[in-house]
Amino acid sequence: MKTENTVWHQQQVIKTQRAEQKKQRPCLLWYTGLSGSGKSTVANAVDALLFERGHHTYLLDGDNVRHGLNGDLGFSDEDRVENIRRISEVSKLFIDAGLIVSTAFISPFKEDRAQARALLAEGEFIEVFIDTPIEVCEQRDPKGLYKKARAGEIKDFTGIDSAYDMPQAPELHVKTAEQDIEQCALQIVNYLAEQGYLA
């Protein structure tokens, strides 16, 4: 913090009350994976499925957040770290509101994902590794980014000239090259139900 003149103000309505009202356990589904792996597609499918079942959710997508909150950031390692720091703090606010939150960001560095986890209470952070081989991601290439990165038109592109730290022990390991989107979404929703996040 850059100021010493702020004091945390306790709120009258607390997180557990908000969660009880919504009849769910708040949590953060942290989708991580390469560009083109299917993070946003799967996260959207899960969000829609949960909404249809009456749950209170919100989805924070990497590209969408960069249109506003993180619009001043590029893709250097330093900017990527700040991107994830900001979204971690925003996610914490949504968790405090009692929501089931999804974030779909490459989030390539394990240290940043660990810091996001450390912000939340035990059991609130659920790492969802969208494990798709880079060859499949390049074949999909929905935004044409791999082609540009291979041509040298984009620098600091994850998986090409910027590192991606694969999760070693994610709560959920989803393989979009082996399952369709509906199956991937059901895998995640079923996990939430089995672990007691859904009433």
Begin with the C-alpha distance, continue with both residues' side-chain angles, and end with the deciding distance and a verdict on side chain to side chain donor-acceptor pair (under 3.5 Å) for Thr57 and Asp47.
CA-CA 7 Å; Thr57 66; Asp47 194 53; 2.6 Å; yes

Please list all pairs meeting side-chain hydrogen bond (donor to acceptor under 3.5 Å, both in side chains) that have one or both residues in residues 89-106, counting only residues at least two apart or in different chains.
none

In short, Ala121 meets Lys15 closest at the heavy-atom pair CB-NZ, 4.5 Å

Check Ser88 against Leu119 and note the closest heavy-atom contact, atom names and distance.
CB-CD1, 3.6 Å

Do Ile84 and Leu28 land in one hydrophobic cluster if side-chain heavy atoms of ILVMFWY residues count as linked below 4.5 Å?
yes

Pick from Arg113, Lys110, Gln168: which one makes a side chain to side chain donor-acceptor pair (under 3.5 Å) with Glu127?
Arg113

Ignoring hydrogens and angles, tell me if any N or O in the side chain of Asp161 forms a donor-acceptor pair with the backbone of Asp156 under 3.5 Å.
yes

Think Arg25 forms a cation-pi with Tyr197, using NZ or CZ under 6.0 Å from the six-ring centre and within 45 degrees of its axis?
yes

Using the ring pair (Phe, Tyr, Trp, His ring centres under 6.0 Å) criterion, which residues pair with Phe157? Sequence neighbours excluded.
Tyr146

Quick one: closest heavy-atom pair of Asp165 and Phe109, and the distance?
OD2-CA, 3.4 Å

Same cluster or not: Phe105 versus Val81, using hydrophobic residues (I, L, V, M, F, W, Y) connected whenever any side-chain heavy atoms lie under 4.5 Å apart?
no

Does a donor on one side chain and an acceptor on the other come within less than 3.5 Å for Thr32 and Tyr164?
yes

Out of curiosity, does Phe75 fall in the hydrophobic cluster containing Val65 (side-chain heavy atoms, cut-off under 4.5 Å, transitive links)?
no

Assess the side chains of Ser37 and Arg140: does a donor N or O sit below 3.5 Å from an acceptor N or O?
no

